[in-house]
Amino acid sequence: MNNPAALPLLQLSSIGKQFGGLSALSDVSLHIRRGEIYGLIGPNGAGKTTLFNVITGLYQASAGEFRFNGQRYQVCKPHVLAQAGIARTFQNIRLFANLTALENVMIGRHLRTRAGVFGALLRNRTTRNEEHAITERARELLHYVGISKPAQTLAKHLSYGEQRRLEIARALATEPLLLALDEPAAGMNATETENLKALLQTIRGSGITVLLIEHDVKLIMGLCDRIAVLDYGKKIAEGIPNEVRQNPAVIAAYLGGSDD
């Protein structure tokens, strides 16, 4: 039997996705190794977000095979993949604006709780201890991602960059094996982007694999171990940053359309 630890963390084989008569993805294969930062780029409409949604269970692939951590997932529902160890953020911030920063992170942590309905109703010692542990872990994660405002600050009162970091903290609270980030640097200034880069390197150093869609090609090239490029729903290149940067098909794709 194969040892899952020796296999790629994520393996997609010939993935296709159709919406009616429109082919959004066609024969996309890639693998993400454990402990790497893997980038996904391409012109607008290339299929990056569609592929991201397949990987995180929001869409079901129309064709191909999906394996994560050595297991094959035929029906990839988001909650199943979250339990398996895939956490994600979204291009548009999706926080609970009227809850505190602490509460937002605690919500992510509840994926790993053991107390059931009766424990919550009876408020027994096990439940109270678990809630205390959740709270403390959420505080640790707020500090880890560099949110300086008090934990009781409402999410809507955080700066834009801190809201982005809060989303990452909430995702980390689920104890992921793969952290999938959809344009985390969107809207950030240069300083915030550099701080994000440092944070992602720290996250990778902790053993978590990172998958990144990002408009900021400079960030991608300076951060990722390997990069895949999509164009019109197909993978046109994959490799280390220098290989991808010099690939004629990649140059043609970006020169022929808007760089996203």
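Heads up: numbering here begins at 1 and tracks the sequence.
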Quick one: closest heavy-atom pair of [X] and [Y], and the distance?
| X | Y | result |
| --- | --- | --- |
| S14 | S29 | N-OG, 2.7 Å |
| T56 | A180 | CG2-CB, 4.3 Å |
| R72 | R67 | CB-NH1, 3.7 Å |
| G161 | M188 | O-CE, 4.1 Å |
| A84 | L177 | O-CD1, 3.8 Å |
| L178 | L10 | CD2-CD2, 4.3 Å |

**Message:** Test side-chain hydrogen bond (donor to acceptor under 3.5 Å, both in side chains) on Y73 and Q60; report intermediate values, then the result.
**Reply:** CA-CA 10 Å; Y73 290 89; Q60 305 301 304; over 6 Å; no
**Prompt:** Are I240 and V229 joined in one hydrophobic group, where the rule is that I, L, V, M, F, W and Y side chains link up if heavy atoms are under 4.5 Å apart?
**Reply:**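 Different hydrophobic clusters.
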**Message:** Is it the case that atom NZ in K234 sees more than 12 heavy atoms from other parts of the structure closer than 6.0 Å?
**Reply:**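 No, because the 6.0 Å sphere around NZ of K234 holds 12 heavy atoms or fewer from other groups.
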**Message:** Are more than 12 heavy atoms, taken from residues, nucleotides or ligands other than E136, located less than 6.0 Å from that residue's CD atom?
**Reply:** yes
[atom1] of [X] to [atom2] of [Y]: how many Å apart, nearest 0.5 Å?
| X | Y | atom1 | atom2 | answer |
| --- | --- | --- | --- | --- |
| I168 | R88 | CD1 | CZ | 13.5 Å |
| Q83 | K77 | CD | NZ | 15.5 Å |
| T202 | Y144 | OG1 | OH | 5.5 Å |
| L81 | N69 | CG | CG | 11.5 Å |
| I213 | D182 | CD1 | CG | 4.5 Å |
| L154 | Q152 | CG | CD | 9.0 Å |

**Asked** Between I227 and Y38, does a side chain to side chain contact (heavy atoms under 4.5 Å, CB included) hold up when you go through it step by step?
**Response** CA-CA 6 Å; I227 300 166; Y38 189 97; over 6 Å; no
Would a distance-only check, ignoring hydrogens and angles, find a side-chain to backbone donor-acceptor pair under 3.5 Å from [X] to [Y]?
| X | Y | answer |
| --- | --- | --- |
| D225 | I37 | yes |
| Q163 | A155 | yes |
| Q71 | F68 | no |
| E175 | G85 | no |
| E162 | S159 | yes |
| N53 | Y59 | no |
| T153 | K149 | no |
| E65 | L12 | no |
| R109 | A173 | yes |
| K235 | L30 | no |

**Request:** Test M106 against every option in T100, T135, L141 by the side chain to side chain contact (heavy atoms under 4.5 Å, CB included) rule and name the one that passes.
**Result:** T135
**Prompt:** In this structure, which one of T89, V145, I93 forms a side chain to side chain contact (heavy atoms under 4.5 Å, CB included) with R164?
**Reply:**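 Only match with R164 under side chain to side chain contact (heavy atoms under 4.5 Å, CB included): I93.
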Indicate yes or no: at least one non-hydrogen side-chain atom of [X] is less than 4.5 angstrom from one of [Y].
| X | Y | answer |
| --- | --- | --- |
| V28 | K17 | no |
| I220 | L40 | no |
| L219 | K197 | yes |
| V54 | C76 | no |
| Q18 | S23 | yes |
| I236 | L230 | no |
| L211 | L179 | no |
| P176 | I86 | no |

**Asked** Should I134 and V105 be marked as a side chain to side chain contact (heavy atoms under 4.5 Å, CB included) after you check the CA-CA gap, both sets of side-chain angles, and the distance that decides it?
**Response** CA-CA 9 Å; I134 290 169; V105 180; over 6 Å; no
**Asked** Is R226 salt-bridged to E243, cutoff N-O under 4.0 Å?
**Response** no
**Item:** Short N-O contact, E140 and R137, less than 4.0 angstrom
**Value:** yes
**Item:** Worked verdict on I251 versus N247 for side chain to side chain contact (heavy atoms under 4.5 Å, CB included)
**Value:** CA-CA 6 Å; I251 295 171; N247 187 296; over 6 Å; no
**Request:** Verify the distance criterion only: is there a donor paired with an acceptor across the side chains of H215 and E183 at less than 3.5 Å?
**Result:** yes
**T209-R34 side chain donor-acceptor pair, cut-off 3.5 Å** = no
**Request:** Go through the steps to decide whether L9 and R33 satisfy the test side chain to side chain contact (heavy atoms under 4.5 Å, CB included), and finish with yes or no.
**Result:** CA-CA 5 Å; L9 180 61; R33 301 165 185 154; over 6 Å; no
**Prompt:** Strictly under 6.0 Å, is that where the ring centroids of F52 and F90 end up?
**Reply:** no
